[in-house]
Enquirer: 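I have a structure I would like to understand better, so I am pasting it below and will then ask my questions one at a time.
When reading the values below, keep in mind they use all heavy atoms of this one structure, side chains included, and skip hydrogens, waters and symmetry mates. Here is the naming used below: chain letters follow the sequence lines, and residue numbers restart at 1 for every chain. It should be emphasised that the depicted structure is a prediction, and the values quoted were computed from it without experimental measurement.
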Number of protein chains: 2
Amino acid sequence: MPVRLKDIARDLNLSKMTISKVLRGQTDVSADTKARVLQRAKELNYRPNTTARTLRTGQTFMIGMVVPAIGETFLAEITEGIDQVIRSAGYGLMVCPSQQDPKNEERLVELMLSRQVDAILVAPMDESAPLFERLGKNQTVPLICLNRRLSGPSENFVGINEQEVGRVACEHLLAMGSRRIGYLRGPHTPVGDNRYLGYREALTNADHAFHPELVIDAMGTDCSDYTRGFEGMLKLLMGRTRPDGVMAYSDIMAVGAIDAALSRNIKIPEGIAFVGCGNDPMVCEMRVPLSSVVLPGQEVGQRAARMALRLIANPGKAENRKIFISPKLVERKSSMRCR
Amino acid sequence: MPVRLKDIARDLNLSKMTISKVLRGQTDVSADTKARVLQRAKELNYRPNTTARTLRTGQTFMIGMVVPAIGETFLAEITEGIDQVIRSAGYGLMVCPSQQDPKNEERLVELMLSRQVDAILVAPMDESAPLFERLGKNQTVPLICLNRRLSGPSENFVGINEQEVGRVACEHLLAMGSRRIGYLRGPHTPVGDNRYLGYREALTNADHAFHPELVIDAMGTDCSDYTRGFEGMLKLLMGRTRPDGVMAYSDIMAVGAIDAALSRNIKIPEGIAFVGCGNDPMVCEMRVPLSSVVLPGQEVGQRAARMALRLIANPGKAENRKIFISPKLVERKSSMRCR
DNA sequence: ATGAAAGCGCTAACAT
DNA sequence: ATGTTAGCGCTTTCAT
């Protein structure tokens, strides 16, 4: 039912080879023929069968991406960055959400491989096995791991320097004069653990004592991040060591914490300074404008895409690089004390 | 470099036909042969070339989806619903974000068509031209329009009944005893316009006067939805007609409005009752728990996926249906006045 | 139970 | 400037 080269060829008494040449922009065709072919193709609403082309050429001009779920702002920024780089190179991006199912994640990676995408980017879930373990070593399609660090030593990786995230937030609070810095800690994942390490590192670098009671495991999947931040903050306020600076794993947790502090009539930032993480535009302008550590998702996407294009251009040359993007800090009122 | 049927066949002194049969689970193969083939395939880490298979069979077992951007919660829910339905049928979902570029959106639809996906779902942007206009009428691949209603009369559509969204919110406030209901209106898009119509409809049905000064065009892309809600609410409070109930286009706008009201020492819900829209879990538990209109994204996805599978199973039979999912209301403190 | 032949729609390489 | 041949890896059909 769909129109093929053959159909156009028949209509114009030409060989399908000539049609193919015209439609791919080859120059060794007469101007007249070219015009006729283009017109007929348009009339018939011809669409090339990319499947056949791929089978022949081995190239899809598609980059596949496997993610736990769409919906996260950070991932959306990453795809923007990818798109900016690959579109001008003629590539397209297709995203497959695994819906948080490790089996499905694996199935989708297999699917993309068998679909001959030219490169694969994977933002693995926390529960994922390292990618190469499950793919067999004889991997020919370039594969890049994003965001989380579950990658083995031989994998390509692009992501945020998460330890620096924790360090930057803590150093900022120190610079703002906070001495007892509380941490509303996130999940015990590679990302969460690294941020925590950064927090500890900043304290050590500044010769500050570490108070274990200032770290709150704001866990529990039964309530929202906001509530976790709120309750965590209340716990901090009830503790022996009263913090004068608080950083949170996410912006929304920080907002919850701020609300808890306000409910106790604490002045922000004078009484306690706050820093969140993610720089979520929806959240950072609320109530007390929130200082936040920016995770440059677009940059992650751009670097990953460039790496992918490089790997595609040089097959076999496993470059095996790990790229860590540094976070940035946006200062807003929640931490702006007199220096 | 990748392993092919031919390679396994050579190793085992069989024809590639036999290999193909085994790997597709045909039964007319001896148990012994079958075992040997399976083992060798595993050893070589064989992955079928789906491109070749598709070229031969005409089926990809893939459903393509084109969206303005990933990152929206509502779209994420839709993909969950889709996945639930199609996965058990052996189909996969690939999502292509157009990054808000109409040209790119069109290009991606073309790309999926030429890639032989078995069906296409499009969540168009507001700026999109109706789909069928740009595709030519001789469309054979099933195509379904999601979410927004830019669809022409001959298109398949699954989405939210947006007018009902506005109506439900307004009716709820009326039932809670509000008499002067303010509306922090969203963008002037098909979705926004329909919700507004629902608001008007509810007022009319209840024989309530419509006060134009109670509708605030909370527009402007220069600030966040929160700020728009906040400022919009301040405007409402400065107007001649003081509202005793307020509905907002989004949850985050409602939260902004609530903060504005609280800053004026207004009691919630006693002084003013509030209803948001979207039931965003991140937002609805904040400060004053927010009543919100639920947009059942999963259901949209499920219905769309079922429609897609139906269309795939009955090629040519254009069923041309429009399905509107009704929203639901979740009542929380922000609107719970004594009845 | 196994295999040979043909072809899906396209393009690379090579005539004419 | 145009056309012929061959084949990408797989599956459908029809022998054996």
Enquirer: Categorize B:R53 for me: base, sugar-phosphate, or nothing, with a 4.0 angstrom heavy-atom threshold over every strand shown.
Expert: sugar-phosphate
Enquirer: Contact between B:Y46 and B:L5 at the side-chain level, heavy atoms closer than 4.5 Å - yes or no?
Expert: yes
Enquirer: Closer than 4.0 Å, any side-chain N/O of A:T54 to the OP1 or OP2 of D:dC8?
Expert: no
Enquirer: Looking at A:Y46, I'd like to know whether one of its side-chain N or O atoms comes within less than 4.0 Å of OP1 or OP2 on C:dC10.
Expert: yes
Enquirer: Does any N or O in the side chain of B:S128 come within less than 3.5 Å of the main-chain N or O of B:P124, such that one atom is a donor and the other an acceptor?
Expert: no
Enquirer: C:dG9 P sits how many Å from A:Q116 CD, rounded?
Expert: 19 Å
Enquirer: Keeping B:D83 on the side-chain end and B:T79 on the backbone end, is there a donor-acceptor pair under 3.5 Å?
Expert: no
Enquirer: For A:Q59 and C:dG9, give me the distance from atom CD to atom C1', rounded to whole Å.
Expert: 18 Å
Enquirer: What's the closest nucleotide to the side chain of B:R56 if the choices are C:dG7, D:dT2, D:dC8?
Expert: C:dG7
Enquirer: What is the separation between atom CZ on B:R10 and atom P on C:dG3, rounded to the nearest whole Å?
Expert: 15 Å
Enquirer: Could you tell me whether the phosphate oxygens of D:dC10, OP1 or OP2, come under 4.0 Å of any side-chain nitrogen or oxygen in B:T50?
Expert: no
Enquirer: Over how many whole Å does the gap from B:R115 atom CZ to C:dG9 atom P extend?
Expert: 17 Å
Enquirer: Is A:D7 paired with A:K16 through a side-chain N to carboxylate O contact shorter than 4.0 Å?
Expert: no
Enquirer: Starting from P on D:dA6, measure out to CG on A:L55 and report it in whole angstrom.
Expert: 18 Å
Enquirer: Let's see if you can work this out: which of C:dT2, D:dG3, C:dG9 has an atom nearest to the side-chain heavy atoms of A:L14?
Expert: D:dG3
Enquirer: Tell me if a side-chain donor or acceptor on B:K34 pairs with a main-chain N or O of B:T27 at a distance below 3.5 Å.
Expert: no
Enquirer: How many whole angstroms separate atom CG of B:L5 from atom C1' of D:dT12?
Expert: 14 Å
Enquirer: Determine, for A:R107 against A:E110, whether the closest basic-nitrogen to carboxylate-oxygen distance falls under 4.0 angstrom.
Expert: no
Enquirer: Strictly below 4.0 Å, heavy-atom distances to any atom of DNA chain C: list the hits from residues 15-31 of chain B, or just say none.
Expert: B:S15, B:M17, B:T18, B:K21, B:D28, B:V29, B:S30
Enquirer: NZ of B:K6 versus P of C:dA4: gap in Å, rounded?
Expert: 14 Å
Enquirer: Verify, without hydrogens or angle tests, whether B:T189 (side chain) and B:D126 (backbone) share a donor-acceptor contact under 3.5 angstrom.
Expert: no
